[in-house]
Every structure is written in C-alpha cells, then in structure tokens.
Amino acid sequence: MTESHDFFQRVYDVVRRIPMGRVTTYGHIAAYLGARSSARMVGFAMNAVTHDARASDVPAHRVVNRFGALTGRMHFATPFLMRERLEAEGVTFVDEHVDLQRHLWEPAD
DNA sequence: TGTATGACCAGTC
DNA sequence: CGACTGGCCATAC
C-alpha cells in the first residue's frame with residue numbers, strides 16, 4: 001500500500017460518485033483533487049481500472065475528455081462498449097461526443 | 001537505474 | 001488563427 005496508490009484511490013472515489021446518466025471530465029477530477037495538471041494521471045488511473053479487479057466497480061465509462069469525446073473507448077473490451085454503456089444510462093450524444101451541456105457532473109460533492 | 005510515454009489541459013508562439 | 005510546448009507523476013520497458 002504505497003502512498004502512490006492513494007492517488008488512484010482518490011480518483012476511483014470521485015468516479016464512483018458520478019451519478020447514473022452523468023459524466024465528468026479528466027480535468028474536473030484532477031482539479032477536484034487539487035492537481036489541475038494531473039489530468040493525465042486521471043486517465044492513467046482509468047486505464048488501471050481495467051487491470052485492477054478491486055476497482056471493477058468504478059464506472060470508467062463516465063469519464064470523458066473536456067470536449068465530451070470518448071477518448072478512452074479503445075481501452076474497453078470493445079471500442080463501442082463505452083458508448084453503449086453511456087447510452088444505456090440515458091446519456092445522449094452529439095455526433096461522436098457526449099452532450100456535456102446536459103450530462104456534465106462536477107465533483108463538487 | 002534512467003528514459004519514454006500517456007483515456008489531458010491550458011497557455012504561448 | 002493553428003500548431004506547439006510545458007507540466008504533472010505514476011507505470012512500463
């Protein structure tokens with residue numbers, strides 16, 4: 001249990017709080033954790049979710065980039081799984097990105 | 001052990 | 001305006 005794992009855990013905690021049918025961005029999570037420019041690590045943490053059974057309850061599909069693009073879709077079992085999950089929750093799309101106007105959720109508790 | 005890289009973002013040239 | 005760079009920091013090789 002290194003302290004570095006703690007950073008990932010914090011990311012997981014925030015992502016787990018995202019309500020059904022809502023999404024948030026890497027930047028918002030990073031900013032909420034006090035490290036605006038660590039958005040990359042947030043994405044990396046999401047990648048880790050795929051390989052970490054303990055984080056299997058983290059809805060990684062609800063995290064998109066600031067434009068609403070599904071940049072992480074290639075990391076799922078199939079490239080279209082991420083979008084399928086979101087649509088199943090009622091998230092709407094505009095072309096290839098999420099309608100953030102409607103679904104953006106900010107980790108402001 | 002050191003270097004390269006990434007599911008990003010904002011500022012600068 | 002578009003293109004480029006820096007920053008962040010854990011992981012992979």
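Labels below follow one simple rule: chain letters A, B, ... track the order of the sequence lines, proteins then strands, and each chain is numbered from 1. The structure displayed is predicted, hence computed values, not measured ones.
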Straight-line distance of Glu87(A) CD to Thr92(A) OG1, nearest 0.5 Å: 9.0 Å
Atom pair CZ (Arg66(A)) and NE2 (His97(A)), whose distance is rounded to the nearest 0.5 Å: 11.5 Å
Under 4.0 angstrom between Thr71(A) side-chain N/O and dC8(B) OP1 or OP2: yes
Sub-4.0 Å heavy-atom contacts from residues 41-50 of chain A onto DNA chain B, ordered by number: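 Within this stretch, Met41(A), Gly43(A), Met46(A), Asn47(A), Thr50(A) sit under 4.0 Å of the strand.
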Touch class at under 4.0 angstrom, heavy-atom based, for Arg40(A) against every strand present: base
Sugar-phosphate, base or nothing in reach of Phe76(A), heavy atoms under 4.0 Å: base
ILVMFWY cluster, Phe67(A) and Val23(A) together (side-chain gap under 4.5 Å):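 No, it is not one cluster - the side chains of Phe67(A) and Val23(A) are not joined through contacts under 4.5 Å.
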Distance-minimising heavy-atom pair for Ala60(A) and Phe76(A): C-CZ, 4.0 Å
Main-chain N/O of Ile18(A) paired to Arg62(A) side chain as donor or acceptor, under 3.5 Å: yes
Glu89(A) with Arg22(A): basic N within carboxylate O range, under 4.0 Å: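 Judged by the 4.0 Å cut-off on N to carboxylate O distance, Glu89(A) and Arg22(A) do not form a salt bridge.
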NZ/NE/NH1/NH2 to OD/OE distance under 4.0 Å, Arg10(A) and Asp13(A): no
Span that lies between the P atom of dT1(B) and that of dC9(C), in whole angstrom: 22 Å
Same-atom distance (P) from dT5(C) to dA4(B), integer angstrom: 16 Å
Rounded off to whole Å, could you give me the [atom1]-to-[atom2] distance for the [X] and [N] pair?
| X | N | atom1 | atom2 | value |
| --- | --- | --- | --- | --- |
| Asp52(A) | dT11(C) | CG | P | 11 Å |
| His28(A) | dC9(B) | NE2 | C1' | 12 Å |
| Asn65(A) | dG6(B) | CG | P | 16 Å |
| Leu33(A) | dC9(B) | CG | C1' | 15 Å |
| Phe8(A) | dA10(C) | CZ | P | 8 Å |
| His97(A) | dC8(B) | NE2 | P | 15 Å |
| Tyr26(A) | dG7(C) | OH | C1' | 19 Å |
| His51(A) | dA10(C) | NE2 | P | 18 Å |

